[in-house]
2 protein chains.
Amino acid sequence: MAEEMLDALDRAGVRLTGPRRKLAALIERREGHFTAADLLKDAGRRRMGIGRATVFRLLELLSEQGLVERIDLPDGTHAYIPCEPTHHHHLVCLNCGATTDVDDCGIEAVTHEAARRSGFKIEQHRLELFGRCPDCRSAN
Amino acid sequence: MAEEMLDALDRAGVRLTGPRRKLAALIERREGHFTAADLLKDAGRRRMGIGRATVFRLLELLSEQGLVERIDLPDGTHAYIPCEPTHHHHLVCLNCGATTDVDDCGIEAVTHEAARRSGFKIEQHRLELFGRCPDCRSAN
DNA sequence: AGCACATATGATACCCAGTATCAATAGACC
DNA sequence: GGTCTATTGATACTGGGTATCATATGTGCT
């Protein structure tokens with residue numbers, strides 16, 4: 001998956017630098033969603049001297065390529081989650097932070113209906129689902 | 001509508017103070033979404049000596065009562081919009097910032113389907129729709 | 001109407017996410 | 001290897017939001 005990211009960066013025509021490789025590896029071993037601060041801490045713990053700005057810059061790049069997406073948790077904080085570059089939505093476990101993607105399951109109909117009722121022309125939407133993942137459900 | 005907010009605050013058992021009344025009036029005359037900074041500017045322009053913290057505190061109160069909701073614009077910034085305290089979703093005009101509410105138009109089916117596919121138990125969801133309002137559509 | 005007291009206020013200082021700047025570094029292509 | 005541009009990291013900054021705390025003010029009671 002770090003491979004996937006590096007490939008995508010390569011395809012995007014940017015340089016495959018040391019910091020980017022290291023960060024991709026760190027992202028890979030993350031589970032669930034993470035913040036920029038998390039990555040920074042990871043990097044710090046391993047004494048990779050990676051700058052704050054570099055982290056944000058990579059996250060931005062990855063997000064342009066659709067390999068990472070920024071979501072808004074219910075508590076108002078931001079987090080990033082690694083994902084596939086196709087259109088989809090996220091399911092986030094409120095307990096452990098695990099995420100999965102679900103692809104379009106009928107949202108089109110909803111946006112259509114909303115457009116019809118409101119007269120708006122709908123150009124984008126964002127759907128985020130929060131709950132408990134299978135593990136956390138059975139764990140109690 | 002300022003009335004509505006004040007009533008709700010009263011019902012919530014908090015004090016109906018001067019600053020709260022003034023801010024409610026300012027929110028009332030806002031169109032579309034606004035930021036805390038917008039309110040602060042409004043208040044400053046009218047020389048009401050209202051503190052930064054007070055604005056945030058009121059927004060939090062109103063949001064607990066469901067009279068205001070914090071949304072995340074596509075550019076990642078936060079905004080607040082006044083709304084009814086029932087469950088619903090927001091349509092935001094990307095051009096002028098106007099908003100409307102749409103109530104549930106089939107989202108349940110979507111969340112059900114997502115739950116079925118993923119094994120998650122879904123507890124909350126957030127749906128935000130962005131586009132062009134009727135006015136901005138016809139204005140071009 | 002006046003009092004007492006808790007709640008709310010605003011000034012200030014602070015925290016955290018993210019961005020701008022810029023001289024120093026290091027990929028990529030020759 | 002050398003060159004040249006993209007990238008880096010240190011630093012400083014911005015903007016949203018929160019903590020603190022002495023002062024001010026609604027509210028309930030009489």
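To find a chain, count down the sequence lines: A is the first, B the second, and so on, and within it residues start at 1.
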For the residue pair [X] and [Y], establish whether any side-chain heavy-atom pair is separated by less than 4.5 Å.
X: B:Leu39; Y: B:Ile27; value: yes
X: A:Val68; Y: A:Cys83; value: no
X: B:Leu23; Y: B:Ile50; value: yes
X: A:Arg70; Y: A:Ser63; value: no
X: A:Leu129; Y: B:Val110; value: no

TODO: Scan residues 11-20 of chain B against DNA chain C and write down, sorted by residue number, each residue with any heavy atom closer than 4.0 Å; if none is found, say none.
DONE: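 Under 4.0 Å from DNA chain C: B:Val14, B:Arg15, B:Thr17, B:Pro19, B:Arg20.
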TODO: Indicate yes or no: does A:Arg20 engage A:Asp10 in a salt bridge with an N to O separation below 4.0 Å.
DONE: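 Looking at A:Arg20 and A:Asp10, the cut-off is not met.
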Can you tell me how far [atom2] of [N] sits from [atom1] of [X], to the nearest Å?
X: A:Asp75; N: D:dG17; atom1: CG; atom2: P; value: 13 Å
X: B:Phe34; N: D:dG17; atom1: CZ; atom2: P; value: 11 Å
X: A:Ile50; N: D:dT11; atom1: CD1; atom2: P; value: 17 Å
X: B:Asp72; N: D:dG17; atom1: CG; atom2: P; value: 10 Å

Open item on the list: Once you apply a heavy-atom cut-off of 4.0 Å, does B:Gly76 come out as touching a base, just sugar-phosphate, or nothing?
Closed with: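 Touches nothing.
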Review item, nucleotides 17-23 of chain C N/O atoms under 3.5 Å of protein N/O:
residue: C:dA17; atom: N7; partner: A:Arg52; partner atom: NH2; Å: 3.2
residue: C:dG18; atom: OP1; partner: A:His78; partner atom: ND1; Å: 3.3
residue: C:dG18; atom: N7; partner: A:Arg52; partner atom: NE; Å: 3.4
residue: C:dG18; atom: N7; partner: A:Arg52; partner atom: NH2; Å: 2.6

Task: Pairing residues for B:Asp42 by the salt bridge (Lys or Arg N to Asp or Glu O under 4.0 Å) criterion, not counting sequence neighbours - done: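 Result, salt bridge (Lys or Arg N to Asp or Glu O under 4.0 Å) vs B:Asp42: B:Arg30, B:Arg45.
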Task: Parallel, tilted or perpendicular: ring planes of B:Tyr80 versus B:Phe34, cut at 30 and 60 degrees - done: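 Ring orientation of B:Tyr80 relative to B:Phe34: parallel.
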